[in-house]
Amino acid sequence: MTAYDLVLANGQLVRPWGIEQADIGVRDGHIVAIGDLRTAVTAERIDCAGLHVLPGLIDPHVHLRDPGDPAIESIPDGTKGAVLGGLTAVFDMPNTAESVINNLRLTRKRDGIKGRSWCDIGFYVGATKTNIAELAALEEEPGVCAVKVFAGSSTGDLLVEDDESLRRVMLNGRRRICYHSEDEERLQARKPLFAEGGPYRLHMEWRDVECAYLGTRRLMALARETGRPAHILHVSTAEELAYLRDFRDVASVELLVNHLTQSAPEAYERLGGYAVMNPPIREQRHVDAAWAAVADGMVDTIGSDHAPHPKAAKERPWPATASGLTGVQTLVPMMLDQVSQGRLSLTRLVDLMAAGPARIYGAVAKGRLAAGYDADFTIVDMGRKRTITNDWIVSPCGWTPFDGQTCQGWPVMTIVRGQLVMREDELLGKPIGQPVRFRS
Ligand code: DOR
């Protein structure tokens, strides 16, 4: 009798306590053994000598635009990009063409992934001023990773900006709430100050440091008052990172790869509208503060904020430029390259991109190479050097802000619950993605 469906042999396993060479035995989609499995009987054996085996990496911040316009992005294409880029799960934002704000739409969305998703998915539900009373029930629904609050406006019409409504959101439910933190009043007041058609870097002057910092100060006051935990998404300023240090009882922190690898004014000069996102790319001192926060443990998760828009919308003059950058396919290579450059260790990368999302969102059986966990693996070759190009991007919008970027370190296999779905840039099998399970 075969003991295992799959054995990953001879890999360098990235475990919470360090890197060690061992074999992994998989059965029925779970890790069942880690050790010396040279003589084990298995249906399939993959030699991982020379490769690092990471727990399946998770992008906790993507906009797959489904329902929406499949000519820009969709669950099938976005999750193809995810597994080609080495991700085994993504958490999808609710600001879609019909926003995910009630049970009917959530059910439609969850049912709609069957046979269409290449990786596992978690779903955000959006808060609005009219669904506050439903949020406590919605956040307990299967597959829901968190409530998302746009406290400052961005793409789409989701917005809860005033303190009284935010307080009511916090008092309805108990799981960690994820915030887009930019102060709406300040955003609106500043917009007329800048000339239309001006340079793209006006985006960061309009949505300035104080917009983000003030937004976060207001949220922290309310989080303390209500006791409701807050995950501040895409923190973009040195000021917020310093401030949040005193709020670790209620606050956790997400950074984006864009804010770690791109700085103003260079990014705006080089990329034009393809550097425009919310919150904006800012000066180098914020990038330095972000790396210091990665090093000292302030950061809990790293995401891509994959936000596809058509090229024509990205090339419109500012401020009509669509905000948002693609990133689901490039997140892992870009972060592996940071490891190669010595900015973080592979164990810290796994802490931020697998264990971190699992802990912050309460994902069940994800994020760790250990017996009993899901057999999700991101297998990487740290010796592989490859250049990201627009023609590699499967999102129909067809562009990446990282076009031309050479990365040292590349994902070579993606395994979702024991199924090999990507090997050497080739999609394998079928889209078997399921809703991620979350602890209530
Ligand atoms: O730049 C952004 N684009 N920031 C967001 O918060 C939303 C996103 C989108 O959906 O386009």
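Start at 1 and go down the list; that is how both ligands and their atoms are numbered. Just so it is clear, the structure is predicted and the values come from calculations on it, not from any experiment. In this chain, numbering begins with 1 at the start of the sequence shown.
- We find the CG-CG distance between L331 and L57 to be 8.0 Å, quoted to the nearest 0.5 Å.
- The nearest heavy-atom contact from the protein to atom 7 (C) of ligand 1 is S154 OG, 3.3 Å.
- In summary, the atoms of ligand 1 found under 4.0 Å from a heavy atom of H180, numbered by their order in the structure, are 6 (O).
- Residue-ligand proximity, A307 to ligand 1, at heavy-atom distances under 4.0 Å covers atoms 3 (N), 8 (C), 9 (C), 11 (O).
- Counting heavy atoms under 4.0 Å from ligand 1, residue R65 touches it through the side chain alone.
- Screening N103, N102, N172 for a side-chain contact (heavy atoms from CB on, under 4.5 Å) involving E134 leaves a single residue, N102.
- Of all the heavy atoms of N95, the ones lying under 4.0 Å from any atom of ligand 1 belong exclusively to the side chain.
- Judged by the 6.0 Å and 45° rule, R245 forms no cation-pi pair with Y243.
- Using a 4.0 Å heavy-atom cutoff, M93 is absent from the residues neighbouring ligand 1.
- Salt bridge absent: K148 and D92 never bring a charged side-chain N and a carboxylate O closer than 4.0 Å.
- The ring of F194 has its center no closer than 6.0 angstrom to the ring center of H203.
- Residue, atom and distance of the protein heavy atom nearest to atom 9 (C) of ligand 1 are T155 OG1, 3.1 Å.
- Ring pair H180/H234: centre-to-centre distance below 6.0 Å.
- Look at R201 and E205 and you find a salt bridge, because one of the NZ, NE, NH1 or NH2 atoms lies within 4.0 Å of a carboxylate O, short of that distance.
- If you number the atoms of ligand 1 from 1 as listed, the ones under 4.0 Å from a heavy atom of F150 come out as 6 (O).
- Ion pairing between a basic and an acidic side chain is recognised when a charged N comes within 4.0 Å of a carboxylate O; E161 and R218 show no such pairing.
- The nearest heavy-atom contact from the protein to atom 1 (O) of ligand 1 is N278 N, 2.8 Å.
- Nearest protein neighbour of atom 3 (N) of ligand 1, counting heavy atoms only, is S323 O, 2.9 Å.
- The M277 neighbourhood of ligand 1 comprises atoms 1 (O), with distances under 4.0 Å to a heavy atom of that residue.
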